[in-house]
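The analysis underlying the following values was restricted to heavy atoms, covering all of them including side chains, and did not include hydrogens, waters or symmetry mates. Here the structure is a predicted model, which is why all the values come from computation and not from measurement.
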Amino acid sequence: QVRLVESGGGSVQAGGSLRLSCAASAHISSIYCMGWFRQAPGKEREGVAYITNDGTTNYINSVKGRFTISRDNAKNTLYLQMNSLNPEDTAMYYCATGMVSWYCNLAKADFAYWGQGTQVNVSS
């Protein structure tokens, strides 16, 4: 099984930045699609961003221009650089791996393995 461990969360003021990391137990070079999701209390888990092995990225509209997803296959690590954070970004952030080798999107149903999450709190 692929084990994913997120880190880098914390509490920041609005306008601040955080860099999340997701360390994988497997060689992520063999995983086509990796993504970041977030879930606030009482809300559904939503896709934030994904990245494929060929470098294709996509973001939910609310984070475009502020967040950057990247991956370092040699380090088996996925990253999410979050800038200009606002209180609406407050959530538990999860990394995940896609189910198939040819498809990637922001639907949580298309991801197979999940980390335990790292909490991000953004105050006004």
Heavy atoms only: give me the nearest A26-V2 pair and the separation to one decimal.
CB-CG2, 3.9 Å
Could you list all the side-chain hydrogen bond (donor to acceptor under 3.5 Å, both in side chains) pairs where at least one residue sits in residues 93-114, not counting sequence neighbours?
R38-Y93, Y103-N105, N105-D110
Note, E46 side chain near Q39 side chain (heavy atom, < 4.5 Å)
no
Please determine whether residues W36 and M82 belong to a single hydrophobic cluster, defined as Ile, Leu, Val, Met, Phe, Trp and Tyr linked transitively by side-chain heavy-atom distances below 4.5 Å.
yes
Interatomic distance, CZ@R66 vs CG@D89, rounded to 0.5 Å, equals 4.0 Å
Strictly distance-based, threshold 3.5 Å: is any side-chain N or O of S25 a donor or acceptor partner for the main-chain N or O of R3?
yes
Which atom pair, heavy atoms only, marks the closest approach of P87 to A14?
CD-CB, 4.2 Å
Residue pair R19 / L80, side-chain heavy-atom distance below 4.5 Å:
no
Nearest heavy-atom approach of E6 to G115 is OE2-CA, 3.2 Å
Just checking Q13: does its CD atom have more than 12 heavy atoms from other residues, nucleotides or ligands closer to it than 6.0 angstrom?
no
Rounded to the nearest 0.5 Å, how far apart are CE of M34 and SG of C22?
5.0 Å
Non-hydrogen side-chain atoms of T56 and I51 separated by less than 4.5 Å:
no
Enumerate the ring-ring contact (aromatic ring centres under 6.0 Å, His included) contacts for residues 43-90, please, sequence neighbours excluded, ordered by first and then second residue.
none
Measure the shortest side-chain to side-chain distance between N121 and V12 over non-hydrogen atoms and say whether it is less than 4.5 angstrom.
no
Separation of S30 OG from N76 CG (nearest 0.5 Å):
8.5 Å
Step by step, work out the side-chain hydrogen bond (donor to acceptor under 3.5 Å, both in side chains) result for S17 and N83.
CA-CA 4 Å; S17 298; N83 299 325; 2.9 Å; yes
Assess whether atom NZ of K43 is packed by more than 12 heavy atoms of other residues, nucleotides or ligands within 6.0 Å.
no
If hydrophobic clusters are built from ILVMFWY residues whose side chains come within less than 4.5 Å, do L78 and I60 share one?
yes
Here the gap from N53 atom CG to Y32 atom OH, rounded to the nearest 0.5 Å, amounts to 8.0 Å
With distance as the sole test, does T68 use its side chain to make a donor-acceptor pair with the main-chain N or O of Q81 at under 3.5 Å?
no
Where do A24 and L4 come nearest, in terms of heavy atoms and distance?
CB-CD2, 3.6 Å
Testing the basics here: between F111 and G35, what is the closest heavy-atom pair and its distance to 0.1 Å?
CE2-N, 3.7 Å
Should L20 and I28 be counted in the same cluster of Ile, Leu, Val, Met, Phe, Trp and Tyr side chains packed under 4.5 Å apart?
yes
Any donor-acceptor pair under 3.5 Å linking the side-chain atoms of T77 with those of D72?
no
To the nearest 0.5 Å, atom CG of N86 lies from atom OG of S123 at 11.5 Å
Does T52 reach the side chain of C104, with side-chain heavy atoms less than 4.5 Å apart?
yes
So CZ of R71 and SG of C95: to nearest 0.5 Å the spacing works out to 11.5 Å
